[in-house]
Asker: 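My structure is below; once you've seen it, I'll send some questions.
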Amino acid sequence: MRVTRVSLRPRNRVLGEPDSWEQKNLLDFERRLAKGEKIETFEVSQVVNEPTGRYYRYLKAIPMGQPCLACHGPVAGIPEGVKAQLASDYPHDRAVNFQLGQVRGAVSVKKSID
Ligand code: HEC
């Protein structure tokens, strides 16, 4: 079983980049949030046929909370030391400028069921 975190704007390109199923559902989470639905209810599970076999897939939204702002919030509010560390460790960082309550990403589970 693969358990990971993904995001439409990942910090870690290697671990955080969503595949097409994850992208589609993350976009759906954002559409539902824009319509005023509660982020706590955003989860989806599905059996999906892929070229390499059948998989159980699960995705649950991770909301942006107050403590997350220090590292994922508007750049102006991120402490200088954190900014410098992020710039050196994650030169392609896209995971800043999130607002409180937005979809930061999702927990993703993928399990082969063949
Ligand atoms: C102290 C800084 C810090 C704080 C606070 C923080 N994060 Fe992160 N976050 C990181 C770093 C660094 C990574 C990249 C980790 C890695 O290399 O896999 C990351 C990665 C993630 C990822 C994985 C996808 C990606 O972008 O690579 C998610 C989802 C995430 N954070 C959500 C949150 C949420 C939600 C909170 C608040 C509850 C939070 N983070 C608070 C630093 C932080």
Side-chain angles (χ1 to χ4, degrees):
M1 191 185 322
R2 186 199 66 154
V3 181
T4 188
R5 298 183 302 178
V6 292
S7 174
L8 291 174
R9 276 161 46 200
R11 173 157 290 162
N12 185 327
R13 280 278 175 84
V14 179
L15 298 174
E17 201 73 56
D19 69 14
S20 61
W21 185 85
E22 291 161 336
Q23 281 174 35
K24 182 172 84 65
N25 286 291
L26 281 164
L27 285 168
D28 189 53
F29 288 168
E30 294 199 339
R31 272 191 292 270
R32 290 170 62 186
L33 188 68
K35 281 195 296 181
E37 291 183 43
K38 286 212 182 319
I39 196 168
E40 294 76 20
T41 67
F42 296 177
E43 62 180 336
V44 54
S45 61
Q46 194 181 1
V47 171
V48 180
N49 288 308
E50 296 184 12
T52 53
R54 266 157 64 83
Y55 294 90
Y56 167 77
R57 311 242 16 202
Y58 172 83
L59 198 69
K60 181 173 173 50
I62 303 172
M64 262 299 283
Q66 190 69 41
C68 322
L69 289 169
C71 299
H72 297 297
V75 174
I78 298 179
E80 288 307 320
V82 173
K83 244 186 265 184
Q85 193 67 46
L86 290 176
S88 98
D89 292 349
Y90 303 95
H92 304 292
D93 187 14
R94 298 177 64 209
V96 291
N97 291 322
F98 283 94
Q99 311 286 332
L100 208 58
Q102 281 186 328
V103 179
R104 168 62 187 87
V107 173
S108 181
V109 175
K110 181 175 181 178
K111 186 179 190 303
S112 171
I113 52 171
D114 271 336

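Along the sequence shown, the residues carry numbers beginning at 1.
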Asker: Do L100 and V75 land in one hydrophobic cluster if side-chain heavy atoms of ILVMFWY residues count as linked below 4.5 Å?
Answerer: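 In one cluster with L100: V75, no.
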Asker: Do F42 and Y58 sit in the same hydrophobic cluster, where Ile, Leu, Val, Met, Phe, Trp and Tyr count as joined when their side-chain heavy atoms come under 4.5 Å apart?
Answerer: no
Asker: To the nearest 0.5 Å, what is the distance between CG on L69 and CD1 on I78?
Answerer: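 These two atoms lie 9.0 Å from each other.
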Asker: Assess the residue pair L15 and R5 against the criterion (side chain to side chain contact (heavy atoms under 4.5 Å, CB included)); give the C-alpha distance rounded to whole Å, side-chain angles, the decisive distance to 0.1 Å, and a yes or no.
Answerer: CA-CA 7 Å; L15 298 174; R5 298 183 302 178; over 6 Å; no
Asker: Same cluster or not: V6 versus W21, using hydrophobic residues (I, L, V, M, F, W, Y) connected whenever any side-chain heavy atoms lie under 4.5 Å apart?
Answerer: yes
Asker: Listed by chain and number, what are the salt bridge (charged side-chain N to carboxylate O under 4.0 Å, His left out) partners of E80, not counting sequence neighbours?
Answerer: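 Only K83 meet the salt bridge (charged side-chain N to carboxylate O under 4.0 Å, His left out) criterion with E80.
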Asker: Would you please test K38 and T41 for side chain to side chain contact (heavy atoms under 4.5 Å, CB included) and show each step?
Answerer: CA-CA 6 Å; K38 286 212 182 319; T41 67; 4.2 Å; yes
Asker: Please report the shortest heavy-atom distance between P79 and A70, naming the atom on each side.
Answerer: CD-O, 3.5 Å
Asker: Locate the shortest heavy-atom distance separating Q99 from P74; write the atom from each residue and the value.
Answerer: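 Taking Q99 first and P74 second, the nearest heavy atoms are NE2-CG, 4.4 Å.
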Asker: Pairs in or reaching into residues 47-64: which pass salt bridge (Lys or Arg N to Asp or Glu O under 4.0 Å), with residues at least two apart or in two chains?
Answerer: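 Passing the test, one end in residues 47-64: D19-R57, E22-R57, E50-R57, E50-K110.
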Asker: Would you please classify the geometry between the H72 ring and the F98 ring as parallel, tilted or perpendicular, with 30° and 60° separating the classes?
Answerer: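 The rings of F98 and H72 stand perpendicular, inter-plane angle above 60°.
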Asker: Side-chain contact, heavy-atom cut-off 4.5 Å: R2 with V109?
Answerer: no
Asker: Rounded to the nearest 0.5 Å, what separation is found between the CD atom of E17 and the OG1 atom of T4?
Answerer: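 Here the rounded value is 11.0 Å.
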Asker: Can a side-chain donor-acceptor contact be found between R104 and S7 if the only test is distance below 3.5 angstrom?
Answerer: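 Looking only at side-chain atoms, R104 and S7 do form a donor-acceptor pair, the distance falling under 3.5 Å.
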Asker: Can you list every pair that meets salt bridge (Lys or Arg N to Asp or Glu O under 4.0 Å) and has a residue in residues 85-100, with sequence neighbours left out?
Answerer: R11-D93
Asker: Can you tell which of L59, I62, I39 makes a side chain to side chain contact (heavy atoms under 4.5 Å, CB included) with F29?
Answerer: L59
Asker: Applying the 4.5 Å side-chain criterion to the ILVMFWY set and letting contacts propagate, would Y90 and V82 be lumped into a single cluster?
Answerer: yes
Asker: What's the separation between atom CZ in R32 and atom CG in N25, rounded to the nearest 0.5 Å?
Answerer: 9.5 Å
Asker: Determine, using the 4.5 Å side-chain heavy-atom cutoff (strictly less than), whether L26 and V107 are members of one ILVMFWY cluster.
Answerer: no
